[in-house]
Amino acid sequence: MERKGFPRVMISARSLQFLAAVKAGRRPARAPIYSHLTYDILPDEFTVVDCPDILIVEGLNVLQAGALPKDGKSIPFVSDYFDFSIYLDADEDVLRAWYVDRFLTLRKSAFSDPQSFFHRFAAALRP
């Protein structure tokens, strides 16, 4: 459970390998796929990206740095592979509405599946 969810799952070694491959022009590069059903990266599934002119990476925390190692060694972050970044700063009421809408949509879809990581929580929230 300690490794589930963002940012640790979304910013994984597989994500960094994918971004390094795209940045180096390796063809094709394999992007890991995240599942809201399992709340994790799918182990054997990926999206193939073949030498894009522009790659847009979006996410809740792609600009967030992880914890630095205690030994002081340098470690890569997702943002190290970005040439350009845009941060959208929304009003708190817009963020709240987005979060609630997203949660309710997931509750009706991925969370309702008995195999879902969040199924036990969705059931507890039903009136």
Side-chain angles (χ1 to χ4, degrees):
M1 180 60 196
E2 288 183 22
R3 68 171 211 73
K4 290 217 172 271
F6 68 91
R8 192 155 181 196
V9 169
M10 296 302 291
I11 303 174
S12 66
R14 288 177 60 193
S15 299
L16 292 170
Q17 290 167 352
F18 164 71
L19 291 171
V22 170
K23 191 79 167 179
R26 287 194 291 269
R27 304 174 72 168
R30 295 179 171 191
I33 296 175
Y34 180 81
S35 167
H36 283 290
L37 180 66
T38 62
Y39 198 49
D40 208 343
I41 290 176
L42 299 172
D44 299 320
E45 295 187 39
F46 53 86
T47 298
V48 174
V49 177
D50 192 9
C51 207
D53 292 328
I54 296 173
L55 178 68
I56 297 174
V57 179
E58 63 85 22
L60 296 174
N61 52 21
V62 295
L63 299 178
Q64 179 179 349
L68 295 173
K70 293 180 181 176
D71 62 8
K73 290 184 179 177
S74 176
I75 59 170
F77 295 111
V78 171
S79 59
D80 292 340
Y81 297 95
F82 297 166
D83 294 321
F84 185 75
S85 60
I86 298 172
Y87 175 79
L88 299 178
D89 186 17
D91 290 333
E92 191 171 329
D93 58 329
V94 172
L95 293 172
R96 185 177 291 112
W98 168 83
Y99 181 83
V100 170
D101 288 345
R102 179 178 177 268
F103 181 84
L104 293 175
T105 299
L106 288 171
R107 184 175 163 198
K108 291 180 207 170
S109 58
F111 297 176
S112 65
D113 187 315
Q115 299 299 313
S116 170
F117 175 79
F118 276 110
H119 180 69
R120 61 184 165 216
F121 304 116
L125 293 171
R126 289 193 177 86

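Count residues from 1 along the sequence. All values below were derived from every heavy atom in this structure, side-chain atoms included, with hydrogens, water molecules and symmetry-related copies excluded.
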Minimum heavy-atom distance between [X] and [Y], given as atom pair plus value:
X     : Y     : result
Ala29 : Val22 : CB-CG2, 3.7 Å
Glu45 : Arg14 : O-NH2, 3.3 Å
Gln17 : Arg26 : O-NH2, 4.5 Å

Q.
Run the side-chain hydrogen bond (donor to acceptor under 3.5 Å, both in side chains) test against Asp71 and tell me which residues pass, sequence neighbours left out.
A.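 side-chain hydrogen bond (donor to acceptor under 3.5 Å, both in side chains) list for Asp71, sorted by chain: empty.
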**Q.** Counterpart residues, side-chain hydrogen bond (donor to acceptor under 3.5 Å, both in side chains), relative to Arg96 (two or more places apart)
**A.**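 side-chain hydrogen bond (donor to acceptor under 3.5 Å, both in side chains) check on Arg96 returns Glu92.
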Approximate separation, where rounding is to 0.5 Å, of [X] [atom1] and [Y] [atom2]:
X     : Y     : atom1 : atom2 : result
Leu95 : Leu88 : CG    : CG    : 10.0 Å
Ile33 : Thr47 : CD1   : OG1   : 3.5 Å
Tyr34 : Ser15 : OH    : OG    : 11.5 Å

Heavy-atom side-chain contact between [X] and [Y] under 4.5 Å:
X     : Y     : result
Val78 : Leu16 : yes
Val49 : Phe18 : yes
Pro32 : Leu42 : no
Lys23 : Leu55 : no
Ser35 : Ile41 : no

Any link between [X] and [Y] through a network of hydrophobic side chains (Ile, Leu, Val, Met, Phe, Trp, Tyr) touching at under 4.5 Å?
X     : Y      : result
Phe82 : Ile56  : no
Ile86 : Ile54  : no
Val94 : Leu104 : no

Q) Short question: side chain of Asp80, backbone of Phe77 - any donor-acceptor pair under 3.5 Å? A)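 Between the backbone of Phe77 and the side chain of Asp80 there is a qualifying donor-acceptor contact (under 3.5 Å).
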Q. Taking everything shown except Arg30 itself, do over 12 heavy atoms lie less than 6.0 Å from its CZ?
A.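 It does not: Arg30 CZ has 12 such atoms or fewer within range.
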